[in-house]
Number of protein chains: 2
Amino acid sequence: MTTRHPPEHYARPENSIGYLSRIVFRTFSRVLERRTMEHGVSAGQWRFLRQLWVEDGLTQRELSDKVGMREPTTVVALRSLEAAGLIRRERSVDDRRKTHIFLTDHARALETLLNPHNAEVHDIATAGLSDAEVETLKNLLRRVHANLVDEERKLPDLNDVSA
Amino acid sequence: MTTRHPPEHYARPENSIGYLSRIVFRTFSRVLERRTMEHGVSAGQWRFLRQLWVEDGLTQRELSDKVGMREPTTVVALRSLEAAGLIRRERSVDDRRKTHIFLTDHARALETLLNPHNAEVHDIATAGLSDAEVETLKNLLRRVHANLVDEERKLPDLNDVSA
DNA sequence: CTTGTATCCTTCGTATACTAACTATTGCCG
DNA sequence: CGGCAATAGTTAGTATACGAAGGATACAAG
């Protein structure tokens, strides 16, 4: 099978989507964290808070999916958020396997403080790009992600190989 | 100062470039690692090998810059590559602070095995995108990264605040 | 030549993230 | 009811990544 470009093309990291998305993610995250840390919020905590500001009361599974993390990562992140007094966990009554996550008042108060920093970093990141280009970038990233998620779904878990 | 979008816009992760680049990076990395691990190469090792296949003999500092990692990360990655017999370190004669990194024959042999997997994952990731769209995506990511790097350069190190 | 400063790499401590395997609970089906 | 597969969350172990600080070497200015 032939590929879109010969394998040598991707030898240069700057032609690689994996590389480019990684360095954008890392630099974005560092620049934003510099701001959120002034309010005592780390990058990892921020990612979960942002989702919870949209809607809290979610179970850990739902939260993991929305934030784009696997569950063990969520467990650790929530432990840190709970220790910081930013969330409260509540065992579900009708299904005792589930835990619902709720924001504390302190966490709610942070929303209006932290969101502007995020908007500011977005402005910095997209300086010189038109609104249309920003939309294009986001749409292309969404499409690439969807493709990769499809691929992951197709693959069997490594453990349930029946042979 | 007003921002391109009101802060609430970025409340939804799917509007956030930080979020989108993170999930693209992570899924890309997982899908690729599934393939490279069959040859005993982890995602972290792969990132450094790819750069070294382009050119070895670099110092650790140069390598860190090209791979887009900070130096402590490079130290750990190189330790793992050395333990796996994939690289060799050589102290510079003219400047004994520097260490040059060279690939072993084994590592060189891996190039033709691993690069096709990378090209394949790129094809999967960009399914349904035209060649022009792929170029657009990469260019936009490069521009965003350049903006964020500029911002990081502008900021003083947190420690050399003279006050 | 010696003293200060810059550079290169390392160590230390911590955060972020995952896979695999485990526990507890639920729901299904006979 | 009784077993058993599925689901929710956790634990264990490891990899990846970084900021801050430290040690060694080099270099420039006096």
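What's counted below: heavy atoms across the whole structure, side chains too, no hydrogens, waters or symmetry copies. Throughout, protein chains are lettered first and strands after them, A, B, ... in sequence-line order, and every chain is numbered starting at 1. From a predicted model like this one, the values you see are computed outputs, not experimental measurements.
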Self-check item: dT16(D) OP1/OP2 closer than 4.0 Å to side-chain N/O of Ser42(B)
Solution: yes
Quiz item: dA8(D) C1' sits how many Å from Met69(A) CE, rounded?
Solution: 19 Å
Self-check item: For Glu133(A), all residues meeting side chain to side chain contact (heavy atoms under 4.5 Å, CB included), sequence neighbours excluded
Solution: Leu129(A), Ser130(A), Leu140(B), Arg143(B)
Quiz item: What residues form a side chain to side chain contact (heavy atoms under 4.5 Å, CB included) with Arg30(B), not counting sequence neighbours?
Solution: Arg70(A), Glu152(A), Arg26(B), Thr27(B)
Self-check item: For Phe25(B), the rest of its hydrophobic cluster, which grows through side-chain links under 4.5 angstrom
Solution: Phe25(A)
Exercise. Please answer whether the main-chain N or O of Ser42(A) pairs with a side-chain N or O of Gln45(A) as donor and acceptor at a distance below 3.5 Å.
Key: yes
Quiz prompt | Rounded distance in Å - CZ (Arg30(A)) to P (dA20(D)) | solution = 12 Å
Practice problem: Report the residues that fulfil side chain to side chain contact (heavy atoms under 4.5 Å, CB included) with Thr112(A), sequence neighbours left out, ordered by chain and then residue number. | Solution: none
Practice problem: Calculate the interatomic distance between Arg96(A) atom CZ and dT25(C) atom P; express it in whole Å. | Solution: 6 Å
Quiz item: Want to settle it: does Val76(A) or Val93(A) sit nearer the 5' end of DNA chain C, counting the closest nucleotide to each?
Solution: Val76(A)
Quiz item: With sugar-phosphate meaning primed atoms plus P, OP1 and OP2, does Ala77(B) contact a base, only sugar-phosphate, or nothing at under 4.0 Å between heavy atoms?
Solution: nothing
Quiz item: What's the CZ-C1' distance between Arg70(A) and dT16(D), to the nearest Å?
Solution: 16 Å
Quiz item: Can you give one letter per nucleotide of nucleotides 2-10 of chain C, going 5' to 3': B for a protein heavy atom under 4.0 Å from the base, S for sugar-phosphate only, - for none?
Solution: ----BBBBB
Quiz item: Can you pull the ring-ring contact (aromatic ring centres under 6.0 Å, His included) pairs that have at least one residue in residues 47-102 of chain A, sequence neighbours excluded?
Solution: Trp46(A)-Trp53(A)
Self-check item: Partners passing side chain to side chain contact (heavy atoms under 4.5 Å, CB included) against Arg97(B) (at least two apart in sequence or in another chain)
Solution: Asp95(B)
Quiz item: Apart from Met37(B) itself, which Ile, Leu, Val, Met, Phe, Trp or Tyr residues share its cluster (side-chain heavy atoms under 4.5 Å, direct or through members)?
Solution: none
Exercise. Take atom CE of Met37(B) and atom C1' of dA15(D), then tell me their distance rounded to the nearest Å.
Key: 10 Å
Quiz item: Between His122(B) and His9(A), does the ring centroid distance fall short of 6.0 Å?
Solution: no
Quiz prompt | Nearest-angstrom distance from the residue atom CD of Glu152(A) to C1' of dT19(C) | solution = 12 Å
Self-check item: Protein-nucleotide distance (Leu81(B), atom CG; dA15(D), atom C1'), rounded to Å
Solution: 13 Å
Practice problem: Could you check whether Phe25(A) gets within reach of a base, just the sugar-phosphate, or nothing at all, counting any heavy atom under 4.0 Å? | Solution: sugar-phosphate
Quiz prompt | Under-4.0 Å side-chain N/O to phosphate OP1/OP2 contact, Arg47(A) with dA17(C) | solution = yes
Self-check item: Global bending angle along the helix from dC1(C)-dG30(D) to dG30(C)-dC1(D), which compares the axes of five pairs at either end, to 10 degrees
Solution: 10°
Exercise. Please work out if Thr73(A) contacts a base, only the sugar-phosphate, or nothing of the nucleic acid, heavy-atom cut-off 4.0 Å.
Key: base
Self-check item: Protein-nucleotide distance (Leu32(A), atom CG; dT16(C), atom C1'), rounded to Å
Solution: 15 Å
